[in-house]
Amino acid sequence: MVSREAIHTLLYPNSIAVIGASRNPKKIGFQIVYNLVKDGYRGRIYPINPYANEIMGFKAYPSIKEVPDEIDLAVISIPADKVEKAVKDSIDKGVKALVVIASGFSEVGNIDMERAIVDIVDSAGVALLGPNVVGVLNTTHSMNLSFCPSLPYKGRITMITQSGALAIGLVGWTWANRIGLSKMVSIGNMAQIGFEEMLEYLEGDDDTDTILLYMESVKDGRRFVDVARRVSMYKPIVAIKAGRSVRGAKAAMSHTGSLAGDVKLYDVAFREAGVIPAYGLEDGFDKALALHLQRPMKGGNIVVVTNGGGAGVLASDFAEENGLPLKDLPSDLMNSVRRVISPFGSPRNPIDLTGNAYKDDYIEVLEKVLTHPWVDGVVAIYVHAAITDPLEVADGIVSVANKYPDKPLTMAMIGGREVAIANAWLRDNGIPVYPSPRRAISAMSALYQYGKFLNRQLPRK
Ligand code: COA
């Protein structure tokens, strides 16, 4: 079994050899060296290429074995049939971790070729990521060891993905949506390191507080459940299980050589392990963001506060569909809300402040709602009306929400450019905000499910 220390070296190496570092900017081996430099990697870099003397100003070596210094990690970007030799050379050199970018292994039926490499690394106690991966991105180590165009937006969510191409696309997405990542790790064929090993590592990773998985399959279902259940006690895990349809499962087979398995079994396993299921990328990031920024719900009572009647109706529908139906407010809460809202509004659940609501109206009502013991969570909705500035309302909401961190709050802000600016500000200030009621409710349902899991783990009285 691969050691924690070897996986740590994979994620935080101090020196890297790039085997297949190319002179051609259109090749992956060139981009890896380029990205390491461009995105600020501070360790030593050694290009390996038998046909080059120098690449991007670094002296190139014909073989890793000829590098005079110690090397922590080798990334291999040469065709599959040459990989085994490069792996052996790297191990002779003393590396502790390997990243194999090359495709052409078990995903296309070359199972023996992949097995041979795993046997070599296992007997040497070396960590192996891949083959068939895009690489490792670690924002806390300023390391873009991949052919992704840049590092993601910096934060504390770590994403483990079986699809490398998704990692490439999601880097830009994280910037556009202000979702901060600590690491993005592409695990491809999972010949040695899979979800189980990564979760075990992340349990003790100080730079990660929330984990997002893009999953087509697991190597060992029982072990996954055991590890995930243990990690979930401290860090929430969200999983996007792909290959849910018959056609999708077939596509997963040719993508990473994985058996997507019976989707119902995954649903049961996730429930048992406290893993929050997500349905697609957007939902995955929405839920991970809420779990990262807010505390889990302690019970099942949510209150919706809105300035748009229709948005409130939609939120009520989605809440019911997500297993969090809105209930009538306790009469004391309803009466105290009634006293402060417009006579045209509604003090029921959803509480409708009407389009005439200003920042102070949100503050006053949220203060009452968040301090009431019956309330476990709040979904605030704002529809951009000409009489209010979204940033001002956002500021009001942050000021109340921060006073009551034990009561989770998600938000929907509906509007155009000004709302997009307010949304970015809200996310930077700890509020998981989304462009629609459906997404704000779905994010709250993740806080509910996670809270329920944690409650189940408490010792029975
Ligand atoms: N050691 C070191 N360098 C070597 C070498 C060796 N044994 N053999 C060849 N090289 C050099 C080549 O000369 C070349 O450098 P140059 O361009 O300066 O001449 C460089 O290493 C790359 O080798 P090349 O044969 O040109 O390979 P390639 O870059 O065309 O393709 C892969 C290599 C790994 C990218 C390709 O085989 C592959 O698998 N692509 C798919 C990757 C992928 O999609 N992964 C999954 C992501 S989700």
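Note that ligands are numbered from 1 as they come in the structure, with each ligand's atoms numbered from 1 the same way.
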Task: ligand 1 atoms in contact with Pro50 (distance to a heavy atom under 4.0 Å) - done: 1 (N), 2 (C), 3 (N), 4 (C), 5 (C)
Open item on the list: Please report whether atom 31 (O) of ligand 1 has a protein non-hydrogen atom at a separation of less than 4.0 Å.
Closed with: no
Open item on the list: Would Ile101 count as being in polar contact with ligand 1, using the rule that some N or O on each side must be under 3.5 angstrom apart?
Closed with: yes
Open item on the list: So if I count the atoms of ligand 1 from 1 in the order they appear, which ones are less than 4.0 Å from some heavy atom of Tyr51?
Closed with: 13 (O)
Task: Ligand-side contact atoms (ligand 1) for residue partner Ile19, heavy atom cut-off under 4.0 Å - done: 1 (N), 2 (C)
Task: Nearest-option assignment for atom 19 (O) of ligand 1, heavy atoms, candidates Lys26, Arg23, Gln162 - done: Arg23
Open item on the list: So for ligand 1, is Lys27 a polar contact partner (N or O within less than 3.5 Å, distance only)?
Closed with: yes
Task: Ala86 near ligand 1 by a heavy-atom separation under 4.0 Å - done: no
- [ ] Please state which part of Ile28 comes within less than 4.0 Å of ligand 1, counting heavy atoms only: side chain, backbone, both or neither.
- [x] side chain
- [ ] Pull out every atom of ligand 1 sitting under 4.0 Å from any heavy atom of Val133, numbered as shown with elements.
- [x] 45 (N), 46 (C), 47 (C)
Task: Numbering as shown, the atoms of ligand 1 that approach Gly20 to under 4.0 Å (heavy-atom distance) - done: 2 (C), 3 (N), 20 (C), 21 (O), 22 (C)
Task: Closer than 4.0 Å: a protein non-hydrogen atom to atom 36 (C) of ligand 1 - done: no
Open item on the list: Quick one about Asp205 and Thr158 (side-chain donor to acceptor, distance below 3.5 Å, no hydrogens or angles considered), yes or no?
Closed with: no
Open item on the list: Is it true that Ser15 and Glu70 share a donor-acceptor pair across their side chains at a distance under 3.5 Å?
Closed with: no
Task: Heteroatom proximity flag, Ser77 to ligand 1, N/O under 3.5 Å - done: no
Open item on the list: Looking at ligand 1, is there an atom of it that comes within less than 4.0 Å of some heavy atom belonging to Pro79?
Closed with: yes
Open item on the list: So if I count the atoms of ligand 1 from 1 in the order they appear, which ones are less than 4.0 Å from some heavy atom of Ala102?
Closed with: 34 (C), 39 (O)
Open item on the list: Taking only non-hydrogen atoms of Phe147, do any sit less than 4.0 angstrom from ligand 1?
Closed with: yes
TODO: Can you label the angle between the Tyr41 ring and the His141 ring as parallel, tilted or perpendicular, going by 30° and 60°?
DONE: perpendicular
- [ ] Could you tell me the residue and atom name of the protein heavy atom closest to atom 43 (C) of ligand 1, and the distance to it rounded to 0.1 Å?
- [x] Ser103 OG, 3.2 Å
